[in-house]
Amino acid sequence: MAAGVLSGRVAVVTGAARGIGRAAAVALAESGADVAGMDVAGPVSPILDLPPATPEDLAETGRRVTAAGARWSAHVADQRDIGAVRAFAEAVEREHGGVDVLFANAGIQAFAPLLEMTDQHWHDQIDVNLTGAANVLRVFAPLLVRRGGGRIVITSSTQGQHGTTNGSAYSASKWGLIGLMKSAALELGPHGVTVNAVIPGLVDTALTRHRDRYVQALVEAGKSPSDDLAEVEREAVGALRAKTPLGVPWVEPEDVAPAGGVPRLRRGAHGQRHVVRRDSGRQRARDRLIPSGRRRRRSWPGTHRAGAPATRAGAPESRVQELRVRNRTAA
């Protein structure tokens, strides 16, 4: 096993075949955790205008995790099927002995105007992104509680906060994940489990680098897309650059994954609320730590004790954390 701050821990990553999920799996492995990765690794919905992840993509994640010195297990499942998620959890317990970290990251995105979208367009995005993530939390949270505590991180999106032209289903699902995170934090805090959300802007993944996403960017910029994919991509990149003072269209998955996967896992229960904002120059890039009560330096898990600062439902303030990560290219 790789040596690091998470040595001896077991991490579960969904949507692990590529993008942010792969980067997070590798980051967790580099910090010492063994990793169990889940992905549907195949077609998800006909509404999508991008190639699906493949079993080979998932295997490549495994190769990178093991190259970091960590143990890896791969699991193919659709998180919309809670029975399949339960089978995945049982396999992880058999193979790894338990779970300490859950990174609920899997999701899809498609675009259609409200006036034109089909029922499937709405339901598939809500079912995968919101209901699927809820399935994962419902199944794995008891494992973390039995372990005596742990960390849950959910991937949301800035599009869930500000809305998206022709992307209402995706935005609704990602806003729902923020509510899920906050509610789960209140409920699981007394059990020594913290729950956070990573809220990235545009990231260089398959969900960003495809025609429908480029067309959406051009529509927002008041431009009409052509039939030439290369030209559409070039114009979309230009439109996205123009929206940010730093002139970047997106960040890399590795820029997001460490915030979601590693640095704050051990510090999240020390009596602070962490707010990390990373924007592509839309506001000054900064990391900000907002204290909320006395800091209690205790080892994770089992950091809370009676009398610690509390919020609604008796959950310690440290349990109600929101980690916002937006595009950043410079510290």
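A quick note: this is a predicted structure, and the numbers were derived from the prediction, not measured.
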Q: Enter the distance from Lys174:NZ to Ile126:CD1 here, rounded to the nearest 0.5 Å.
A: 10.5 Å

**Q.** Exercise: identify the closest heavy-atom pair between Gly37 and Ala16
**A.** CA-CB, 3.8 Å

Q | Side chain proximity check, Met117 to Ser168, heavy atoms < 4.5 angstrom | A | yes

Q: List for me each residue that meets salt bridge (charged side-chain N to carboxylate O under 4.0 Å, His left out) alongside Glu60, sequence neighbours excluded, and say none if there are none.
A: Arg63, Arg64

Q: State, to 0.1 Å, how close Ala25 and Val35 come at their nearest heavy-atom pair, and which atoms those are.
A: O-CG2, 3.7 Å

Q. Side-chain contact, heavy-atom cut-off 4.5 Å: Leu144 with Ile152?
A. yes

(Q) Counting C-beta onward and ignoring hydrogens, is there a side-chain heavy-atom pair between Phe103 and Val12 closer than 4.5 Å? (A) no

Q) Can a salt bridge be assigned to the pair Arg147 and Asp100 using a cut-off of 4.0 Å between side-chain N and carboxylate O? A) yes

Q.
With a 4.5 Å cut-off on side-chain heavy atoms, are Val76 and Met38 touching?
A. no

Q) Does the side chain of Ser156 reach to within under 4.5 Å of the side chain of Trp175, using non-hydrogen atoms? A) no

Q | Residue of the set Ile108, Val40, Leu48 for which side chain to side chain contact (heavy atoms under 4.5 Å, CB included) holds with Val128 | A | Ile108

Q | Side-chain ion pair, Glu93 and Arg146, N-O less than 4.0 Å | A | yes

**Q.** Gap between atom CD of Gln109 and atom OG of Ser157 - 0.5 Å precision
**A.** 7.0 Å

Q. Which one of Leu137, Ile154, Val198 satisfies the side chain to side chain contact (heavy atoms under 4.5 Å, CB included) criterion with Met181?
A. Ile154

Q | Gap between atom CD of Gln125 and atom NE2 of His123 - 0.5 Å precision | A | 12.0 Å

Q.
Are Arg22 and Val65 packed together at the side-chain level, in the sense that at least one heavy-atom pair is separated by less than 4.5 angstrom?
A. no

(Q) Would you compute the distance between atom CZ of Arg80 and atom OG of Ser45 and round it to the nearest 0.5 angstrom? (A) 7.0 Å

Q) Which pair of heavy atoms, one from Ser173 and one from Tyr170, lies closest together, and at what distance? A) OG-O, 2.7 Å

**Q.** Considering all heavy atoms, the nearest Leu188-Ala141 contact
**A.** CD1-CB, 4.0 Å

Q) Are Thr165 and Phe111 side-chain neighbours, meaning at least one heavy-atom pair lies under 4.5 Å? A) no

Q) Under a 4.5 Å cut-off applied to non-hydrogen side-chain atoms, are Val139 and Phe88 in contact? A) no

Q: Give the minimum heavy-atom separation between Ala172 and Trp122, together with the two atoms involved.
A: CB-CH2, 3.8 Å

